Amino acid sequence: MDRLPPLRLLTVFETVQRAGSAKAAAGELNVSLSAVSQSLKQLEAHIGAPLLDRSTRPASLTEAGAILFRAVVENRERLTEALDDIRALADPTGATVTVACTMGFATYWLMPRLEAFYLEHPDVAVNVLTSVQETPLLAPGTDIAMRYGDGRWEDGAVELLFHERVEPVCAPSYVRRLKETGGSLGTAFLIHVETGDRRWISWPDYLARTGQKAAGSAKGLRFSNYVQATQAALSGHGVMLGWRAITGDHVANRQLIPAGLPPLTPNNAYHAVLSHRSRNRETAEMLAEWLKEAADRE
C-alpha cells in the first residue's frame with residue numbers, strides 16, 4: 001500500500017483546520033458536509049490513527065493530527081514557493097501579481113477597475129484569488145491581500161487604500177413601490193448580512209450609531225454574504241446597508257440610490273497589505289499605488 005494518502009484527502013484535512021470547521025471547509029471546497037466528513041474518515045483509515053478528537057466541539061487535533069497538519073502546511077508552503085520560483089524563470093520580468101481578497105470586494109470593486117489598469121499596463125497580469133475569510137491570508141505566492149480593518153497587521157507592509165462609507169441604499173423600483181403602496185422606510189424590508197465578524201456593521205449597529213429608530217427588522221431578508229445581499233437589493237427586494245467597496249459603483253450608476261438615511265463612516269478602512277515574501281515586490285507596489293490613486297479619484 002502506498003504510504004502517502006491521496007492528495008485530495010490531505011487538502012480536505014488542511015482546509016478543515018485552516019477554515020476552523022468542517023462546515024466552513026465544505027463551503028470553501030464547494031462540496032457537501034458529508035463529503036468532508038467521509039474524506040476525513042478515509043484519511044484516518046489510510047494513516048491508521050485518529051486525527052481528530054471528536055469529543056470536543058469543535059473537534060480538536062489529536063497528537064497524530066497535529067503532527068500531520070504541521071507536515072502538510074510546511075510541505076504546501078515549500079511546494080508553493082517552488083512553483084513561484086519556476087514561474088519566475090518563465091517570467092523574469094516579474095510582471096504577474098497575485099491578489100487575495102473577499103468575493104464581494106473582487107466582484108464589485110477590484111475587477112471593474114482592473115480593466116482600466118490593463119489599458120495602462122498591458123504587460124502586467126493580475127491573478128485574483130477570492131477567499132471566504134474576511135481577512136484574506138498572505139499565503140505563499142500571494143503578493144497583496146486586500147483587507148478591511150484597522151491596518152494593524154504585521155505579515156506585510158500595510159498601505160491605506162480607502163476609507164469606507166456605509167449608507168442605506170435600495171433600487172429605484174423599490175422606492176416607487178413603497179410610494180405606490182403608501183409604505184415608508186419604517187415598513188421596508190431590511191436586507192441583512194449575517195457575519196460573525198464584528199468589524200462589519202449590522203443594521204442594529206447602524207441604527208444605534210445614527211440615532212435612528214429600529215424599523216423593518218422583523219420583516220428583514222437575511223443572507224450569508226454581501227454578493228447575495230447586493231443582488232437582492234438590485235432586484236428591488238429591500239433596503240441594504242451599502243458599503244463603498246460593494247455598492248459604490250451601483251450608486252454612481254443609479255442602479256441603487258440612497259434611501260434617505262444618514263451615512264456612517266466606520267473606524268476601519270480598506271488596506272492593501274504587501275507580502276514581505278513577494279517575489280514581484282516592485283510590480284505589486286505599482287499595482288497598489290495605482291489602485292490607491294483610482295480610489296482617491298472617486
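For clarity, every value in this text was computed on a predicted model and none was experimentally measured. Numbering starts at 1 and runs along the sequence shown.
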Spell out, yes or no, whether Val99 and Trp290 are grouped together once hydrophobic residues are joined by side-chain heavy atoms under 4.5 Å, including indirect joins.
yes
Remaining members of the apolar cluster that contains Leu43, side-chain heavy atoms under 4.5 Å
Leu9, Leu10, Val12, Phe13, Val16, Leu29, Val31, Val36, Leu40, Ile47, Leu51, Leu52, Leu61, Leu68, Phe69, Val72, Val73
Derivation and outcome, ring pair (Phe, Tyr, Trp, His ring centres under 6.0 Å), residues His163 and Tyr270
CA-CA 6 Å; His163 292 283; Tyr270 266 101; over 10 Å; no
For the ring pair Tyr148 and Trp243, is the centre-to-centre distance below 6.0 Å?
yes
For the CD1 atom of Ile144 and the CZ atom of Arg281, what is their distance to the nearest 0.5 Å?
9.0 Å
Side chain to side chain contact (heavy atoms under 4.5 Å, CB included) for Val251 and Ile257? Distances and angles first, verdict last.
CA-CA 5 Å; Val251 172; Ile257 60 175; over 6 Å; no
If we check ring pair (Phe, Tyr, Trp, His ring centres under 6.0 Å) with His250, which of these qualifies: Tyr108, Tyr226, Trp109?
Tyr108
Measure from the side-chain N and O atoms of Asn280 to the backbone N and O of Thr283, and report whether any donor-acceptor pair falls under 3.5 Å.
no
Between Leu221 and Phe223, is a side chain to side chain contact (heavy atoms under 4.5 Å, CB included) present by the stated rule, with each step listed?
CA-CA 7 Å; Leu221 304 175; Phe223 297 94; 3.9 Å; yes
Is there a side-chain contact between Val169 and Val239, using heavy atoms and a 4.5 Å cut-off?
no
Hey, any chance Leu256 and Leu190 share a hydrophobic cluster, counting ILVMFWY side chains that come within less than 4.5 Å of each other, even indirectly?
yes
Assess the residue pair Cys101 and Val128 against the criterion (side chain to side chain contact (heavy atoms under 4.5 Å, CB included)); give the C-alpha distance rounded to whole Å, side-chain angles, the decisive distance to 0.1 Å, and a yes or no.
CA-CA 7 Å; Cys101 58; Val128 179; 4.0 Å; yes
Does any non-hydrogen side-chain atom of His237 lie less than 4.5 Å from one of Cys170?
no
How about His271 and Leu161: do any of their side-chain heavy atoms sit closer than 4.5 Å?
no
With heavy-atom distances below 4.5 Å as the criterion, would you say the side chains of Trp200 and Asn268 are in contact?
no
Check Glu74 with Arg70, please: is the shortest side-chain N to carboxylate O separation under 4.0 Å?
no
Working for side chain to side chain contact (heavy atoms under 4.5 Å, CB included), residues Asn127 and Thr96:
CA-CA 7 Å; Asn127 299 323; Thr96 299; 3.3 Å; yes
Of all residues at least two apart in sequence or in a different chain, which pass the salt bridge (charged side-chain N to carboxylate O under 4.0 Å, His left out) check with Arg199?
Asp197
About how many Å separate OG of Ser202 and NE2 of His192, when rounded to the nearest 0.5 Å?
8.5 Å
Are the side chain of Glu164 and the backbone N or O of Ala245 linked by a donor-acceptor pair below 3.5 Å?
yes
Atom CG in Leu261, atom CD in Glu167: separation rounded to 0.5 Å?
8.5 Å
CD/Glu282: more than 12 non-hydrogen atoms of other groups inside 6.0 Å
no
Looking at Glu154, I want to see if its CD is surrounded by more than 12 non-hydrogen atoms of other residues, nucleotides or ligands under 6.0 Å.
no
Got a donor-acceptor contact below 3.5 angstrom from the His121 side chain to the Leu119 backbone?
no
Just by modelled atom types, is the Gln255 backbone N or O under 3.5 Å from a matching donor or acceptor in the Asn253 side chain?
no
If the threshold is 4.0 Å, N to carboxylate O, is there a salt bridge linking Glu44 and Arg54?
yes
Any side-chain hydrogen bond (donor to acceptor under 3.5 Å, both in side chains) pairs touching residues 24-33, not counting sequence neighbours?
Arg18-Glu28, Ser32-Ser34
Between atom CG of Leu114 and atom CG of Leu287, what is the distance when rounded to the nearest 0.5 Å?
7.0 Å
Got a donor-acceptor contact below 3.5 angstrom from the Asp143 side chain to the Thr98 backbone?
yes
Glu293 side chain reached by Arg297 side chain, heavy atoms, under 4.5 Å
yes
If you measure from the Lys or Arg side-chain nitrogens to the Asp or Glu carboxylate oxygens, is any gap between Lys292 and Asp296 under 4.0 Å?
yes
Which ILVMFWY residues can you reach from Leu137 by hopping between side chains whose heavy atoms are under 4.5 Å apart?
none
Please name all residues satisfying side chain to side chain donor-acceptor pair (under 3.5 Å) with Glu298, sequence neighbours left out, ordered by chain then number.
Arg113
Residues that Ser275 engages under side-chain contact (heavy atoms from CB on, under 4.5 Å), provided they are two or more places apart:
Leu138, Arg277, Ser278
Rounded to the nearest 0.5 Å, what separates atom CD in Glu194 from atom CZ in Arg222?
5.0 Å
Hey, quick one: are Leu241 and Leu264 part of the same hydrophobic cluster, counting side-chain heavy atoms closer than 4.5 Å, chains of contacts allowed?
yes
Nearest-0.5 Å distance that lies between atom OG1 in Thr130 and atom CG in Leu110:
11.0 Å
Is there side-chain contact between Glu159 and Glu285, with heavy atoms separated by less than 4.5 Å?
no
In terms of the angle between their ring planes, are Phe105 and Phe162 parallel, tilted or perpendicular, with boundaries placed at 30° and 60°?
parallel
